[in-house]
Each structure stands twice: as C-alpha cells, then as structure tokens.
Amino acid sequence: MLDPIAQLRSELAAAVGDAGGDPQAARSATLEPAARPEFGDFSSNIAMVTAGSASAKPRDFAELLGDALTKRLDGRIERFEVAGPGFLNLFLSDRWYRESLAEIATAGDRFGSGGAEQPTRFLVEFVSANPTGPLTAAGGRHAAYGDALARLLEFHGHEVRREFYVNDAGTQVQRLGLSIQARARGEEIPEDGYSGDYVVGLAGSIPNAAERDPAELATVGVGILRDQIEATLSRYRVEFDHWFSELTLHQGENSPLEKAIGQLRDSGHTFEDEGALWLRTTEFGDDKDRVLIRSDGEPTYFAGDVAYHADKLSRSDHLIDVLGADHHGYVGRMKAAMATLGGDPSRLEMLIMQFVHLVEGGDRSQMSKRRGDFVTLDDLLEMVGVDAARWFMLQRSHDTTVDLDLDLARQRTAENPVFYVQYAHARCFSVITKAEGGLVPVSASGPELHSSERTLIRRLAVFPQEVEEAAERRAPHRICSAALLLAQEFTAFYRDCRVVGAPPEEQAFRLALIDTAKTQIAAALGLLGVEAPDEL
RNA sequence: GCCCUGGUAGCUCAGCUGGAUAGAGCGACUCCCUCCUAAGGAGUAGGCCGCAGGUUCGAAUCCUGCCCAGGGCACCA
C-alpha cells in the first residue's frame, strides 16, 4: 500500500510515460511541499529531469505532464502551473487532502514505517566506552545517536542489533587496577593512572582493596563500572542486545583472536618484521601497515578489533560502527582489514561523531576521563532530564561539533524545542478529551478546508519521505527538524481552527486530524527516544 | 607534512546525491490573554552561504587551489 505521496509520485512517473518520456527517469525527481503558497501545494522538478528523455523543452514538457496528471488524478487536482525554468506546481483539491488524511489515519502509528527497499540485518555498535570510568556527557551523544539510528532503521523495515564492545582487556584496564590499589593504600596515583574521584569510591567499596592483586582489582573494578554504565544507559532509554566482552576474544583453545590471525596469515597479507607480525593494510588503501602481534608476543588492540569485526560480519549483513572523532584514523585500517579477510569493505560503515561541549552562561567544559574533571552523563541527566538531553544530543548532524546549551535545555517553555513538541502533543490530547464524542472515519467530502488544515495534512503526508531520508543518510537529526515543523504546523492549525464546538461535521474531521497529528508526533518522538506525554 | 570533519543571520545550527526570493531555534525589537493548556500566539530586523577559480540553463550544494578552526597520524587502548 503506497502512502499518499508515493502514490502521487507514481502517478507523476506514469504521466511522464503518457507524455512520451521515460518513466524510469522520474525516479530522481523531487516532489516536495511548495516553498511558497504561490507555488501551490507541491512542487516538482520532474519536467526538468525527464524532458530530455522525450527530447522536449522542460517548460513544454511540464505542460504535457500537467495535462496527463490532471487526467490521472481525476478530481484530486485543482490545477497546475508551470513556473521558472520548468517547475511543475500542483494545486491539489480538498478531496486529495481528505483521502490522504483517511489513509494516514488508517495506517496509525505504523504510518511511514517499513519503507526499506531491501530489508537488511544491521549490527550497530556504539558507545563502547572503556569501562574504566563513568560514562561522560559526550558518551551521551554517542548513545543517543546510535540508539536513535537503530530505532530509525528498525522503523524503516530493517532488522537491527545493538552492541556494546566492552574493552575489558589490555593496558587501560591494568592501569585502572593499579589506580584502585594506589587509592586503597593512600598512595600517589601512578603516571597514566585514573585520578577521578570515582576511583576512591571503587577502592572503598572493594573489600581489602589495599592487599589485593591489581589484576584482580581491575576485574572487579571493571565489573562495577560496566554495571554502572549499563544502569546509566538504561536510565537514558538505551538498551543493548549484546555486551560483547573483548576478553572473550582471547579465551579458550584456538580463541577467536587466534582464528582471525590464522585467517589473515592464510590470506597471505601478513608479514613479520623486527619480531612483530604485521598486516599489510596498505594494499587496501591504508597509509601504513599495522601491527597485529607485538614483538613481545602480545596481540595489539587492533588485532582484537579485527577478530571482533570478523565475528560481527558473520552475524549480520551490514555493520555500523559509531566512533568518536579521535578514532577516525581507524577507518582506513579497519576497512583494509575487512578486505584482507575477504569481506566486502562496503559492508562496514564507520560513522564519526564530533565532540560536544556543554555550555552554561557562555562557559565551555571539556570532558576528559583521565583528568577526572568531566561531566558525567548522570550529571547531565540530573541537570536537564532524559528528554532534553536526548533531543539536544540528536538535533545536530553527527559530523558537526555541538554546543549544548544547558540553560536552554533546562527550560520548560516554548523556547525549548523539545518542550514545544511535547506541548503540541499534550494539546492534542487535551482537545480530544474535551471534545468528548468519539472518533469517526474521515468523510470524503465536507466543508472547504482551511489552509492550516491543508498545511498540516501535507506535513503528515510527507513523514514517510522524512523517515526514508533520515534512515538512509543515518541522520536522526532530520527527525528532530521534522518533529519541530510538525509541531509548528499543528500549533498554527490549533490557532486557526476551532475544534470543540465547531459544527459536527467539521468537529469530526478536525478531531481525526488532531488524532492523526498526535499519533505522528508521538511516532517521531519515539524514534528519538523522547517521551510524548499526554499532559505536561 | 599527510589524513578526517567543519567554516551559512549577533549565537547554536539545518539545508549539501545541483533548482525558484537561502531556513529554524536562541538572542534583539514590536504587538496580543472575554477564546479547546499564555507552560501560549502574531510580527519585524538581521546573510559577499570562509576566499578565488572552474563545471552547468542553474552552485550554499559538484570539482580544483588557498585560508581558518577542531581532531587524528603508536609494537596505547
């Protein structure tokens, strides 16, 4: 079942055929809400894109398309105009709006979902913060992004697993153990150790910490911190399907790591030099070769990560790694490693998150785990709440650094976009409650629609396109923009169109419209992991 | 030096797989509560889209060079 916009697109493509052009060429054409009222309801560049296939001039072809479309739409279109270099502007009839609303209402909270052309098994790995300290506010950006992306991909019709790679092996963990021991004994923190206050807390909560072996302390400490991270994320509404322990890669006879290294050796892409085993990643575009096994016989972090990715690859079709900006150097080598394993590097997608700065009264705070003066995600949630934290982390593209304005995020007024959207949702609920009388199906005819009603319906209709673009571009921030627009246009409608007390026919229609808007606001917020309360 | 990401309104940022007069939020300034939540609403001002070339009927968007900012260039993880 095509959504109203998809139907329009398909009629437009057919019209291209009617007019003697190539309907296939219409695939790349745009069809979007008109930028200005004079441009009608929807504008399309289809004539400019397809005129060539009919050897016609864009403006002439647009006229032909308009005529063909008018026949096809049979009363759903009022008129069309050809403008500028060949834009086709459509002025649709109330009938189109009523039918569209009926379809959207029928689809309910599934409207806009399942549009993926090729359903795929995704495995999204994100956060994966070292379990050597509490999750920072910056980690909150990764968590919100990875989680929202996963929700979006699922809604779009894909299968998604969320995974957290726990770095519970290696030197960082050893340093944690030494730091705990030093704290327990009241000694100086070793160089490169962890100096945060939480280490003192750990030392205090582990019995006999002063006497115990650092390795043991490390294991216990990592366990505690991992649980804390999980609790924080859960509070933040982020749940993982799997917490993958790096340690398990190193365990057992013929461990996953050994298997992966063996596979790489067999592939002929490794070599030995100065006692170390190297992977010739330069063959696949990396700027230098990488060490797998150090000359002291210990595998590198990279080797473990290769093994981990090999494992992930065997469990899914497409991998997404959400990484920090300081890890971008990783992209080349991991892709190369995928290639040496015989996999298709395009199955691995590495998304780089830029940094977040918390801003309060113009002050920027940096977040470093080593120095111990960072703001934790728990602190941030305490300050602004889960909804605002998630929204503000998500509203910007992942590849731009972001300043999170704590003063604004804290506000519970219309100046705060999260609140504004939630408020629109609550208003919907309030009106529906006040109107009494139940919902009835949208009738195909009735009084002339107000322009605010038409604008709102058009906004609702465009949701599947928004979801598709957001999912394909890995851009949850587009959902924030869409939600804000929806809320604004709902609010305009609320201002212009009285519902309670309107003539019965009108009230029924408007109630259906409000109910549909409410459903969609909730759906959009749901994709962001933000709540949609009925009352504020 | 090489690589990645940015450079758009006073601020924070959308728009970037080319389209009409470049958008939003904040901030600034006007105005509006006999009316379904004023926890609200209406409006105004504000822009050589970093710079210079190129491609195109058309460039904020694509290409090249340069400048600026942040980040990265480990037998650390």
Side-chain angles (χ1 to χ4, degrees), chain A residues 28 30 32 34-36 38-39 43-45 48-49 57-58 83-87 89 128 130 132 167 169-175 192 246 273-278 286-288 290-305 324-332 350 352-355 357 359 362 392 395-405 407-408 411-417 419-420 422-424 426-435 469 472-473 475 477-478 480-481 484-485 488 491-492 494-502 507 510-511 514 535-536:
Chain A
S28 61
T30 58
E32 43 202 23
R36 322 164 62 78
E38 317 81 278
F39 297 162
S43 300
S44 178
N45 66 356
M48 291 181 276
V49 174
K57 288 182 182 168
F87 288 101
N89 292 335
S128 300
N130 281 346
T132 51
N167 300 135
T171 38
Q172 297 299 333
V173 173
Q174 287 168 23
R175 284 176 188 157
D192 292 330
E246 181 188 359
D273 188 40
E274 294 178 26
L277 180 71
W278 297 69
D286 195 9
D287 48 7
K288 55 186 77 164
R290 306 291 171 178
V291 172
L292 290 167
I293 309 282
R294 292 191 254 152
S295 50
D296 64 4
E298 286 297 311
T300 59
Y301 177 83
F302 174 60
D305 219 10
D326 51 344
H327 281 74
H328 90 261
Y330 235 65
V331 175
M350 305 182 101
I352 304 299
M353 300 290 299
Q354 295 297 324
F355 297 131
H357 302 281
V359 179
F392 278 78
Q395 70 176 337
R396 304 305 183 198
S397 162
H398 66 87
D399 54 16
T400 181
T401 54
V402 150
D403 286 0
L404 197 164
D405 184 340
D407 301 320
L408 179 59
Q411 282 186 50
R412 295 182 50 75
T413 69
E415 279 71 53
N416 182 343
F419 185 82
Y420 183 84
Q422 290 180 320
Y423 187 64
R427 268 183 166 164
C428 291
F429 177 81
S430 168
V431 175
I432 292 168
T433 308
K434 205 151 257 172
E469 284 204 25
E472 281 177 2
R473 298 186 189 204
H477 74 275
R478 282 174 170 264
C480 287
S481 308
L484 196 54
L485 266 177
Q488 283 168 339
T491 304
Y494 172 86
R495 176 191 71 229
D496 296 335
C497 302
R498 184 83 199 173
V499 178
V500 180
Q507 169 166 323
R510 289 177 175 172
L511 272 180
I514 289 188
E535 289 174 39
L536 288 171

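None of these values were measured; they are calculated from a predicted model. Sequence lines set the chain letters: A, B, ... in the order given, protein chains first and strands last, and positions in each chain run from 1.
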Under-4.0 Å side-chain N/O to phosphate OP1/OP2 contact, A:Gln174 with B:rA77: no
Distance, C1' atom - from B:rA74 to B:rC63, rounded to whole angstrom: 35 Å
I'd like the P distance from B:rC48 over to B:rC2, given in whole Å. 32 Å
State whether A:Arg478 places a side-chain N or O below 4.0 Å from either non-bridging phosphate oxygen (OP1 or OP2) of B:rC16. yes
Are any of A:Arg473's side-chain N or O atoms less than 4.0 Å away from OP1 or OP2 of B:rC16? yes
Evaluate whether the aromatic ring of A:Phe355 and the six-membered ring of the B:rG70 base sit under 5.5 Å apart, centre to centre, with an inclination under 30°. no
Counting only side-chain heavy atoms from C-beta out, which of B:rC36, B:rC26, B:rA39 sits nearest to A:Arg412? B:rA39
Does A:Leu408 offer a backbone N or O that forms a donor-acceptor pair with the side chain of A:Asn416 under 3.5 Å? yes
Rounded to whole angstrom, note down the C1' distance from B:rG65 over to B:rG27. 38 Å
Indicate whether OP1 or OP2 belonging to B:rU12 is found under 4.0 Å from a side-chain N or O atom of A:His357. no
A:Arg290 bridged to A:Asp287 by N-O distance under 4.0 Å: yes
Sub-3.5 Å donor-acceptor pair from the side chain of A:Ser44 to the main-chain atoms of A:Thr30, do we have one? yes
Among B:rA14, B:rA24, B:rA74, find the nucleotide with the atom closest to the side chain of A:Ser481. B:rA14
Which nucleotide in the list B:rC4, B:rG15, B:rU12 gets nearest to the side chain of A:His328? B:rC4
Separation between the C1' atoms of B:rC33 and B:rA38, rounded to whole Å: 6 Å
Chi-based syn or anti call at B:rC33, which uses purine or pyrimidine torsion atoms and a 90° bound: syn
Regarding A:Thr132 and A:Asn130, do their side chains bring together a donor and an acceptor under 3.5 Å, going by distance alone? no
Nearest to the side chain of A:Glu415 - B:rG27, B:rG6, B:rA77? B:rG27
For the pair made of CD in A:Gln395 and P in B:rC11, what is the distance, rounded to whole Å? 17 Å
How many Å lie between CG on A:Asp326 and P on B:rA74, as a whole number? 14 Å
Check whether any side-chain nitrogen or oxygen of A:Arg290 sits under 4.0 Å from OP1 or OP2 of B:rC75, and answer yes or no. no
Closest approach to the side chain of A:Arg396, judged atom by atom: which nucleotide of B:rU5, B:rA20, B:rU12 is it? B:rU12
By nearest atom, which of the nucleotides B:rG41, B:rG25, B:rA77 is closest to the A:Thr171 side chain? B:rA77
With respect to the phosphate group of B:rA38, does any side-chain polar atom (N or O) of A:Arg427 fall under 4.0 Å of OP1 or OP2? yes
Side chain of A:Tyr420, heavy atoms from C-beta onward: which of B:rC13, B:rG41, B:rC73 has the nearest atom to it? B:rG41
Between B:rA28 and B:rC67, how far apart are the two C1' atoms, rounded to whole Å? 32 Å
Which nucleotide in the list B:rC75, B:rG71, B:rG15 gets nearest to the side chain of A:Thr300? B:rC75
Can you find a heavy atom in the side chain of A:Tyr301 that is under 4.5 Å from one in the side chain of A:Asn167? yes
What interatomic distance, in whole Å, is found between C1' of B:rC49 and the corresponding atom of B:rA24? 16 Å
Measure from CG on A:Asp192 to P on B:rA77 and round the result to the nearest Å. 12 Å
Ignoring the backbone of A:Lys288, work out which of B:rC75, B:rA74, B:rG25 is nearest its side chain. B:rA74
Distance, P atom - from B:rC51 to B:rA60, rounded to whole angstrom: 11 Å
Listed nucleotide nearest any side-chain atom of A:Thr413, set B:rG6, B:rG40, B:rC36: B:rG40
Rounded distance (Å) that lies between atom C1' of B:rG41 and atom OH of A:Tyr494: 10 Å
Checking A:Thr413 against A:Gln411: is there a side-chain donor and acceptor pair closer than 3.5 Å? yes
Whole Å only: how far is the OH atom of A:Tyr330 from the P atom of B:rG71? 21 Å
Measuring only the C1' atom in each nucleotide, how far is B:rG25 from B:rG46? A whole number of Å is fine. 15 Å
